[in-house]
Amino acid sequence: MSFEREDFGLLGPLHLNSIDWANSNHRRSIAASLVQGTYILERDRQEKRQGSQALAPPWWEFFHFKLIRQLVDDVDSCVFGAIYEYAPPSSHCNDSIDRSPRYVIAFRGTINKPDSFSRDFSLDIHIIRNGLHQTSRFEIAMKAVRNMVAMVGDSSVWLASHSLGAAMAMLAGKTIAKTGNFLEAFLFNPPFLSAPIERINYGNVKHGLRFASSFITAGLVLATKGNSQTSQSEDPFFILSAWTPCIFVNPTDHLCSEYIGYFEHRKKMEEIRYGAIERLATQNSLGDLFMSVVRRSAEAAEPLHLLPSAYLTVNLTPSEDFKQAHGIQQWWRPDLHLKCNLYKYK
């Protein structure tokens, strides 16, 4: 029953009865729970659950957050996000609060229910077309982020998101980072628009395909944009590299698993001294470049999913199916087998 999947008392991280904000597992679990709260806010709206019948509040109240605003889509009036404020009671003064946020802005992903699916699916298509920045939902989200940063500063605000919401948070984080504001971000299962090379089981084949793709991409960049040299201070990808979001992926989730190969391949190209080629390839989408060639235009839209830097966390715990591998619920489990790496653009 969907009711059971939404009940914090049945599925929530009840083991976190004492919060250590210096613990990365605690931060990850709480961020994922707040995203789940946004999902269930919309489900409460759809099912007309109010007051004591609402299932969403425990997902933030358990961690001493309060909901200060719902983010509502102007097209179908669905709840796609929420802004939470951290308000711990004085009795929890022993909890570590050095790395706690003051506010968390959370965005949910697609809900496969009639009341919201049509709008959510249309936004998924916008991601594929690299046009999410042109949608009114993103404009609402971006305005909320800008207003919060203007009010309290970037060090007090977190972004937390999943799937479609992670694409929005990534775009919002990149946009605000270009103004010199770097938000701590937790991006769960963000979509990566690429051929699913990571699903190939043969390492040499994967490396060969990525190697060839890098040279083709770099060649198209030179063909469409020329060989103009820019300094690091003028390179937008280098400027963005100061922002290091936390990205969480599952290798059996084909929608996000390419982030593993994306960052690992860059590292390998540096090791074999093809770093200059990869620096061109890593900030350009092969699909977008092909389209610019077809249209005979030197301008290609900035790819949403490409990042210079990230803390990448891979969940190596076996998943039963794609639904589990892509689900937000995996990220607050206490028994995960995780592999974590920091990747910095050079």
Side-chain angles (χ1 to χ4, degrees), residues 1-8 11-12 30-63 65-87 101 103-127 132-133 135-148 157-173 183 185-191 326-329 331-332:
M1 294 177 60
S2 60
F3 174 89
E4 294 177 347
R5 294 194 297 269
E6 297 163 1
D7 191 327
F8 182 85
L11 288 183
I30 294 170
S33 296
L34 296 179
V35 174
Q36 178 74 340
T38 67
Y39 274 105
I40 302 177
L41 273 170
E42 172 56 16
R43 291 293 295 134
D44 281 346
R45 184 192 71 87
Q46 294 176 4
E47 298 295 327
K48 297 180 173 58
R49 298 186 300 230
Q50 299 179 356
S52 62
Q53 301 299 314
L55 296 178
W59 289 94
W60 58 81
E61 291 176 348
F62 186 82
F63 307 107
F65 283 86
K66 61 181 181 180
L67 176 67
I68 63 171
R69 183 187 167 194
Q70 299 181 27
L71 300 178
V72 178
D73 195 294
D74 63 342
V75 173
D76 63 355
S77 299
C78 73
V79 178
F80 71 88
I83 303 178
Y84 305 101
E85 182 180 10
Y86 185 50
Y103 295 95
V104 177
I105 306 174
F107 304 114
R108 65 165 176 83
T110 301
I111 295 180
N112 295 321
K113 299 294 181 182
D115 287 349
S116 55
F117 178 71
S118 177
R119 174 62 169 162
D120 289 351
F121 182 72
S122 72
L123 290 163
D124 292 332
I125 298 300
H126 276 290
I127 293 175
L132 187 62
H133 60 288
T135 65
S136 60
R137 183 182 290 189
F138 175 72
E139 290 176 1
I140 295 169
M142 193 69 239
K143 183 178 180 181
V145 172
R146 284 197 178 103
N147 288 346
M148 190 58 67
V157 180
W158 283 9
L159 297 177
S161 55
H162 177 245
S163 193
L164 164 61
M168 281 210 308
M170 184 178 297
L171 183 54
L183 303 181
F186 298 79
L187 311 178
F188 299 102
N189 302 81
H326 188 67
I328 188 67
Q329 296 87 351
W331 297 111
W332 59 70

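Source: prediction; values computed, not measured.
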Q: I'd like to check I140 versus M168 (side-chain heavy atoms, cut-off strictly below 4.5 Å). Are they in contact?
A: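 Of all side-chain heavy-atom pairs linking M168 with I140, none is under 4.5 Å.
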
Q: Within the distance-only criterion (no hydrogens, no angle test), does the side chain of H162 pair as donor or acceptor with the backbone N or O of H326 below 3.5 angstrom?
A: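 Here the side-chain-to-backbone pair exists.
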
Q: Which is it for F65 and I30 under the side-chain contact (heavy atoms from CB on, under 4.5 Å) test, yes or no, and what are the steps along the way?
A: CA-CA 10 Å; F65 283 86; I30 294 170; 4.0 Å; yes

Q: If you apply the rule side-chain contact (heavy atoms from CB on, under 4.5 Å), what do you find for I105 with L183, and how did you get there?
A: CA-CA 11 Å; I105 306 174; L183 303 181; over 6 Å; no

Q: Treating N189 as the side-chain partner and S163 as the backbone partner, does any N or O pair qualify as donor plus acceptor under 3.5 Å?
A: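 Not at all, since once roles are kept as given, no pair shorter than 3.5 Å links the two residues.
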
Q: Go through the steps for F107 and L71 under the test side-chain contact (heavy atoms from CB on, under 4.5 Å), then give the verdict.
A: CA-CA 9 Å; F107 304 114; L71 300 178; 3.6 Å; yes

Q: For the salt bridge (charged side-chain N to carboxylate O under 4.0 Å, His left out) test, which of D76, D124, D73 pairs with R119?
A: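 Among the candidates, only D73 passes.
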
Q: Any idea how W59 and F8 line up, ring-wise: parallel (<30°), tilted (30 to 60°), or perpendicular (>60°)?
A: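 Answer is perpendicular, since the angle exceeds 60°.
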
Q: Could you check whether any side-chain N or O of Y84 sits under 3.5 Å from a backbone N or O of W60, counting only pairs where one atom can act as donor and the other as acceptor?
A: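 A pair under 3.5 Å: no.
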
Q: Do you know the tightest heavy-atom contact between F80 and V72?
A: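 Heavy-atom minimum between the residues: CE2-C, 3.6 Å.
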
Q: Of the non-hydrogen atoms in I83 and Y103, which two are nearest, and what is the gap between them?
A: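 It is CG2-CD2, 4.5 Å.
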
Q: How long is the gap from CG on L159 to CG on L34, to the nearest 0.5 Å?
A: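 One finds 12.0 Å between CG of L159 and CG of L34.
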
Q: Check whether Y39 reaches the backbone of G109 with its side chain - one donor and one acceptor, N or O, closer than 3.5 Å.
A: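 Yes, Y39 side chain to G109 backbone: donor-acceptor pair under 3.5 Å.
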
Q: What heavy-atom pair brings A144 and R69 nearest, and what distance separates the two atoms?
A: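 Smallest heavy-atom distance, with atoms named: CB-NH1, 4.0 Å.
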
Q: Can you name the nearest heavy-atom pair linking L187 to A166, along with the distance?
A: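 Minimum heavy-atom contact is CD2-O, 4.1 Å.
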
Q: From R108 CZ over to L41 CG, what is the distance, rounded to the nearest 0.5 angstrom?
A: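 So the CZ of R108 and the CG of L41 are separated by 10.0 Å.
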
Q: How long is the straight-line distance from CZ of R43 back to CD1 of I111, given to the nearest 0.5 Å?
A: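 Going from the CD1 atom of I111 to the CZ atom of R43 covers 7.0 Å.
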
Q: To the nearest 0.5 angstrom, please state how far the NE2 atom of H133 sits from the CE atom of M142.
A: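 The distance works out to 13.5 Å.
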
Q: State the CG-CD distance between D115 and E47, to the nearest 0.5 angstrom.
A: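 Reported to 0.5 Å precision, the distance equals 8.0 Å.
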
Q: Output, in order, the C-alpha distance, side-chain angles, deciding distance and verdict of side-chain contact (heavy atoms from CB on, under 4.5 Å) for V79 and T38.
A: CA-CA 7 Å; V79 178; T38 67; 5.7 Å; no

Q: Does the salt bridge (Lys or Arg N to Asp or Glu O under 4.0 Å) test come out yes or no for D120 and R137, once each step is laid out?
A: CA-CA 10 Å; D120 289 351; R137 183 182 290 189; 3.0 Å; yes

Q: Grab the two heavy atoms, one from A160 and one from A31, that are nearest each other, plus how far apart they are.
A: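 Smallest interatomic distance, heavy atoms only, reads CB-O, 3.8 Å.
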
Q: Which distance, rounded to the nearest 0.5 Å, do you find between the OG of S116 and the CG of L123?
A: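 That separation rounds to 11.0 Å.
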
Q: At their closest point, which heavy atom of D44 faces which heavy atom of A56, and how far apart are they?
A: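 Nearest pair, atom of D44 first, then A56: OD2-N, 3.0 Å.
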
